[in-house]
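Proteins get letters first, then strands, A, B, ... in listed order; numbering begins at 1 in each. This structure is a prediction, so every number in the text was calculated from the model and none was measured.
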There are 2 protein chains.
Amino acid sequence: MIINLPEQTVERLSQYRRILLNYQYLDHAYIFSHNLARVLKTKSGTVRRDLMLIGVSGDVHKGYDINLILRKISEAIDGDTPENICFIGIGNLGRSVANHFAAGNGNLRVVAAFLFDQHQSIFPDVPEYDLTMLSEVIKQQNILICALAVPRDYAREITLLLVNSGIMGILNFTATQLQVPKHVFVEDYDMVAKLEKVSYFMKMTKNHLQAYD
Amino acid sequence: MIINLPEQTVERLSQYRRILLNYQYLDHAYIFSHNLARVLKTKSGTVRRDLMLIGVSGDVHKGYDINLILRKISEAIDGDTPENICFIGIGNLGRSVANHFAAGNGNLRVVAAFLFDQHQSIFPDVPEYDLTMLSEVIKQQNILICALAVPRDYAREITLLLVNSGIMGILNFTATQLQVPKHVFVEDYDMVAKLEKVSYFMKMTKNHLQAYD
DNA sequence: TAGATTGTTAATCGATTAACAATC
DNA sequence: TAGATTGTTAATCGATTAACAATC
């Protein structure tokens, strides 16, 4: 039974979990909503609302039971069994992500990495394959999710291969709108657009601060 | 004179530009709002609204003048002079981004890449440096923007160094909320959260489709 | 003209935030 | 108790979408 949650709440739940798993809070049994809010730069009301949505109740004096939060987050966003994922053309950026999951955090497991046009070993603990093995490995390892970061010219062709191999979720770093059937969920990230956004808002910030000189 | 634009509009303007620069539209002089909308999976009204905001007027019969759009986008989101940026710990993922800017698209230039704990050459056309050179290169090259993807344990220390070296905009791929003074603009990207989001909505899609079997 | 597109406003949607009674 | 936090509703905010008169 999966609850229907808002997009933003799903992302924050993932972040609450990592914060709770990694930070010093592990020696505390309870945490207040404003503590979580501060770390994530959000408001305590947002945290309480998110927790309410997944059925976590807090204690007026002690705050929220950390283990309860972790269990409820897992119930809310994890499936019953670990999910296998793979990286395609993701290098350094994927390393800490791979480490995070390899340490048993969350419910995803990076079981394969496909290197694009180089044969350097990047991931210490993830089997690395050539792109030619893509379809075979995905089927063998029962991989449903991948992060895709190949040059645009290959995006269309590889996407077709992915879909035919059974992939159902794609984190898309290519500068292409992938053509996929409606049962495949795609989340896009356009790094060029994000860099230009940073550039724009940096300039805005600069102007705004100068206005008060 | 920079116009105050909504976040989402800024990102889309960047995407319109890339689409117009790269796709086959270059042999057309005009484009309709619904053509741009289709490529970006948005609505034609959104495109017209965005273009209106930056002062582009279209022709009821021919659509929008592509060169006019490109000029107005540049006026709206680019500065007067090219902006130097650098990559820190970004590998393969940065390559096509670097190529995009190296080809003269947009107003950003990748002038340096800092490799984290390996000495492999990844970027064909970008000077690569050791992390120890960070502060020196940033100052010398007058770099204001960077994309940061180092392991979490180093994030705090390197961020301090960046800020002290004059960085004013950071695209943050580390799983850390960076502590920066208020004149520094930070855009966060949490890859673990995005992968868990893909996993969640993939499951939702699956359930939803099964409901209609 | 007939038909298609622009430019713009109002309606809608989704998410965040403010606020506060209830609680211990 | 006094003071702090939870749980929840209503208000607000920002962005998208629907809709349509104006245009040629």
Checklist entry - Do the side-chain N or O atoms of B/K62 get closer than 4.0 angstrom to the phosphate oxygens (OP1, OP2) of C/dT5? => result no
Checklist entry - Can you say whether the rings of B/F173 and B/Y189 are parallel (under 30°), tilted (30 to 60°) or perpendicular (over 60°)? => result perpendicular
Checklist entry - Are any of A/R49's side-chain N or O atoms less than 4.0 Å away from OP1 or OP2 of C/dT17? => result no
Checklist entry - Any side-chain N or O of B/R12 less than 4.0 Å from the OP1 or OP2 oxygen of D/dA15? => result no
Checklist entry - Quick one: is D/dT23 close enough that its OP1 or OP2 comes under 4.0 Å of any side-chain N or O from B/H61? => result no
Next on the checklist: Measuring to OP1 and OP2 of D/dA15, would you say a side-chain N or O of B/T9 lies under 4.0 angstrom away?
Outcome noted: no
Checklist outcome for this item: Mate of C/dC13 across any strand shown (Watson-Crick or G-U wobble, both atom pairs under 3.5 Å) is D/dG14
Next on the checklist: Of the options C/dA15, C/dT5, D/dT16, whose atoms approach the side-chain atoms of A/E7 most closely?
Outcome noted: C/dA15
Checklist outcome for this item: In Watson-Crick or G-U wobble terms, with both distances under 3.5 Å, the base opposite C/dC24 is D/dG3
Checklist entry - Touch check for B/S44, heavy atoms < 4.0 angstrom, all strands: base, sugar-phosphate only, or nothing? => result nothing
Item to check | For B/H183, all residues meeting ring-ring contact (aromatic ring centres under 6.0 Å, His included), sequence neighbours excluded | outcome: none
Item to check | OP1 or OP2 of C/dG7 under 4.0 Å from side-chain N/O of B/Y64 | outcome: yes
Checklist entry - Does the side chain of A/T46 get closer than 4.0 angstrom to OP1 or OP2 of C/dT16 through an N or O atom? => result no
Item to check | Contact under 4.0 Å: A/T42 side-chain N or O vs C/dT16 OP1/OP2 | outcome: no
